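Reviewing the structure listed below.
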Number of protein chains: 2
Amino acid sequence: MARKKSLDEVRPGQGDDASSRRAPMREFSRSLPMSLLRAREAVMRQFRPSLRNHGLTEQQWRILRALTAVDEIEVTELARVAFLLGPSLSRILRDLEARALIERKAAENDARRAVVSISAKGLKLIEAVAPTSEAIYAEITRRYGARRLAELHEMLGVLEASLAGMGSADGAEVEAEE
Amino acid sequence: MARKKSLDEVRPGQGDDASSRRAPMREFSRSLPMSLLRAREAVMRQFRPSLRNHGLTEQQWRILRALTAVDEIEVTELARVAFLLGPSLSRILRDLEARALIERKAAENDARRAVVSISAKGLKLIEAVAPTSEAIYAEITRRYGARRLAELHEMLGVLEASLAGMGSADGAEVEAEE
DNA sequence: GGAATTCACTTAACATGTTAATCATCTCCC
DNA sequence: GGGAGATGATTAACATGTTAAGTGAATTCC
C-alpha cells in the first residue's frame with residue numbers, strides 16, 4: 001500500500017516565486033501530535049516553576065507522586081504507572097535514592113526485581129509541593145471548565161484506545177504471538 | 001506464557017484500606033499532563049518507525065515539514081512554527097545543514113538573523129516519507145473518526161487559549177511593566 | 001558618536017527520551 | 001542439574017528538552 005503517490009504529488013512548479021509553493025501536506029498546526037504537544041506544554045508551563053523551586057523535575061515529581069499511592073512497587077510496574085521508559089527511570093531512581101527521597105530493596109523471591117518505596121523525607125517534600133500544585137490545577141480547571149476538562153480526558157482516553165492495536169505500519173511486522 | 005496482562009488487571013488497587021495513607025492528590029491517571037502525554041505518545045508511536053527508516057527524528061521531520069511550506073524563514077520564526085526551543089533548533093539545524101537537507105544564509109539587512117530553506121535533497125526526502133506518513137494519519141483518522149478528531153483539535157486549542165495568560169503562580173511575578 | 005541595552009542566535013550543562021546492548025538472574029526443558 | 005532462552009534492570013550512545021550564560025550585531029539614549 002505504499003507505492004501510491006496519488007497523495008498530492010508534492011511537485012508543483014516550484015519554479016519561481018513563493019506563492020507557487022503550496023502546502024505539501026496537512027497544515028502544520030492541524031497535526032495531531034503538534035496539537036497535543038502544544039496543549040501539554042501550555043499545561044506544564046504552569047507547573048514547572050513551582051516544581052523547580054522545590055528542586056524537582058517533572059519526571060521526578062511523577063515518580064514521587066506515584067509512590068505516595070502505594071506502599072511499595074516494583075521498578076517495572078513503576079515505569080508503567082509513571083509512564084517512563086526503563087532507562088529514564090533507572091537514572092532518576094539512582095538520583096532520588098542518592099537524595100534519600102526513596103528507598104530501594106531487592107524483591108524477596110526474585111533477585112532480579114527491585115522494590116521501591118518513598119522515604120519519610122520524600123513524603124515530606126511531596127507535602128510541601130502539593131498545595132501549590134493543587135492550587136494550579138484548580139485554577140486550570142476553573143479556567144477551562146470542569147465539565148470540559150472531563151470531556152477532554154474522555155476523548156484522550158478514547159484516542160489512546162483507538163490506536164491501541166495499530167501496528168508500526170511501515171515495515172509493519174505484527175506477527176502472530178505464537 | 002505470560003500473556004500481556006490487561007492494563008486494568010494490573011492496576012495496583014493496593015489494599016487501600018490503607019487509609020493511613022491518605023489519598024495524596026488526584027488519582028494519577030486523571031492528571032491532565034499525563035493524559036496528554038499518553039495520548040501524544042500513542043500517536044507518535046505510529047509515526048516513529050517510518051521516520052526512523054528514513055533516518056529522521058520527530059523533530060527533524062517537524063522542521064523539514066515546516067520548511068516545505070515556505071520559501072525561506074528566519075530561525076526564530078521557525079522555532080515558533082515548529083514549536084522547538086532555540087537551543088534544540090540550533091543543534092538540529094547544524095545537523096541538517098551538515099546532511100545538506102537544508103540551506104542557510106545571513107539575512108540581508110541584519111547580520112544577526114539567519115535565514116533557512118529546504119534543499120532539493122531535503123525536498124526529495126520529504127517526498128519519500130510523505131506517503132507513508134499520510135497513510136498513517138488517514139488510518140488514525142479512520143479509527144478515531146474525523147468528526148471527533150476535529151472536536152479534539154478544537155478542545156485542545158481552547159485549552160491552550162485558556163491558559164495563555166496564567167502566570168507562574170508560585171513566586172508569581174506578573175507585575176505590570178511599569 | 002559611543003556606552004549601555006536589547007536582540008538573535010549559539011554554547012554549555014544537565015536531565016530525559018529513545019533504541020540497542022549488556023548483565024545477572026530465573027525458567028523451562030531435556 | 002545444566003544449558004538455552006526469557007526476563008528485570010542497568011548501561012551505553014545519541015538526540016532533544018530546559019535553563020543559563022556567552023557572542024556578536026543592531027538599537028537606544030544621552
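The structure displayed is predicted, hence computed values, not measured ones. So that the names make sense, note that chain A is the first sequence line, chain B the second, and so on, each numbered from 1.
Taking the charged nitrogens against the carboxylate oxygens, A:R45 and A:E41 do have a contact shorter than 4.0 Å, which makes a salt bridge.
With sequence neighbours excluded, no residue forms a salt bridge (Lys or Arg N to Asp or Glu O under 4.0 Å) with A:R99. Applying the side-chain hydrogen bond (donor to acceptor under 3.5 Å, both in side chains) rule to A:D95 yields no partners; only residues at least two apart in sequence or on another chain are considered. Residues passing the side-chain hydrogen bond (donor to acceptor under 3.5 Å, both in side chains) test with B:R80 are B:E77, sequence neighbours excluded. Applying the side-chain hydrogen bond (donor to acceptor under 3.5 Å, both in side chains) criterion to B:E154, with sequence neighbours excluded, gives no partner residue.
As a whole-Å value, the separation of A:E74 CD from D:dT7 C1' is 12 Å. Rounded to a whole Å, the CG atom of A:L56 is 16 Å from the P atom of D:dT18. A straight line from CZ of B:R113 to C1' of D:dA26 spans 9 Å, rounded to a whole angstrom. Put simply, CD1 on B:I73 is 15 Å from C1' on C:dC9, counting in whole angstrom units. Following rounding to the nearest Å, B:L51 (CG) and C:dT19 (P) show an atom-to-atom distance of 11 Å.
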ask   = Can you give one letter per nucleotide of nucleotides 10-17 of chain D, 5' to 3': B if a protein heavy atom sits under 4.0 Å from the base, S if only from the sugar-phosphate, - if neither?
value = BBBB-SBB
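The backbone N or O of B:V116 lies less than 3.5 Å from no partner atom in the side chain of B:R104, so there is not a single donor-acceptor pair. With hydrogens and angles ignored, the 3.5 Å screen pairs a side-chain donor or acceptor of B:T141 with a backbone N or O of B:Y137.
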Could you pull out the protein-nucleic contacts involving nucleotides 23-25 of chain C (nitrogen or oxygen on both sides, under 3.5 Å)?
unit_1	atom_1	unit_2	atom_2	d
C:dT25	O2	A:R112	NH1	3.4

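Just one of A:L56, A:V81, A:L84, A:T57 meets the side chain to side chain contact (heavy atoms under 4.5 Å, CB included) condition when paired with A:I63; it is A:L84.
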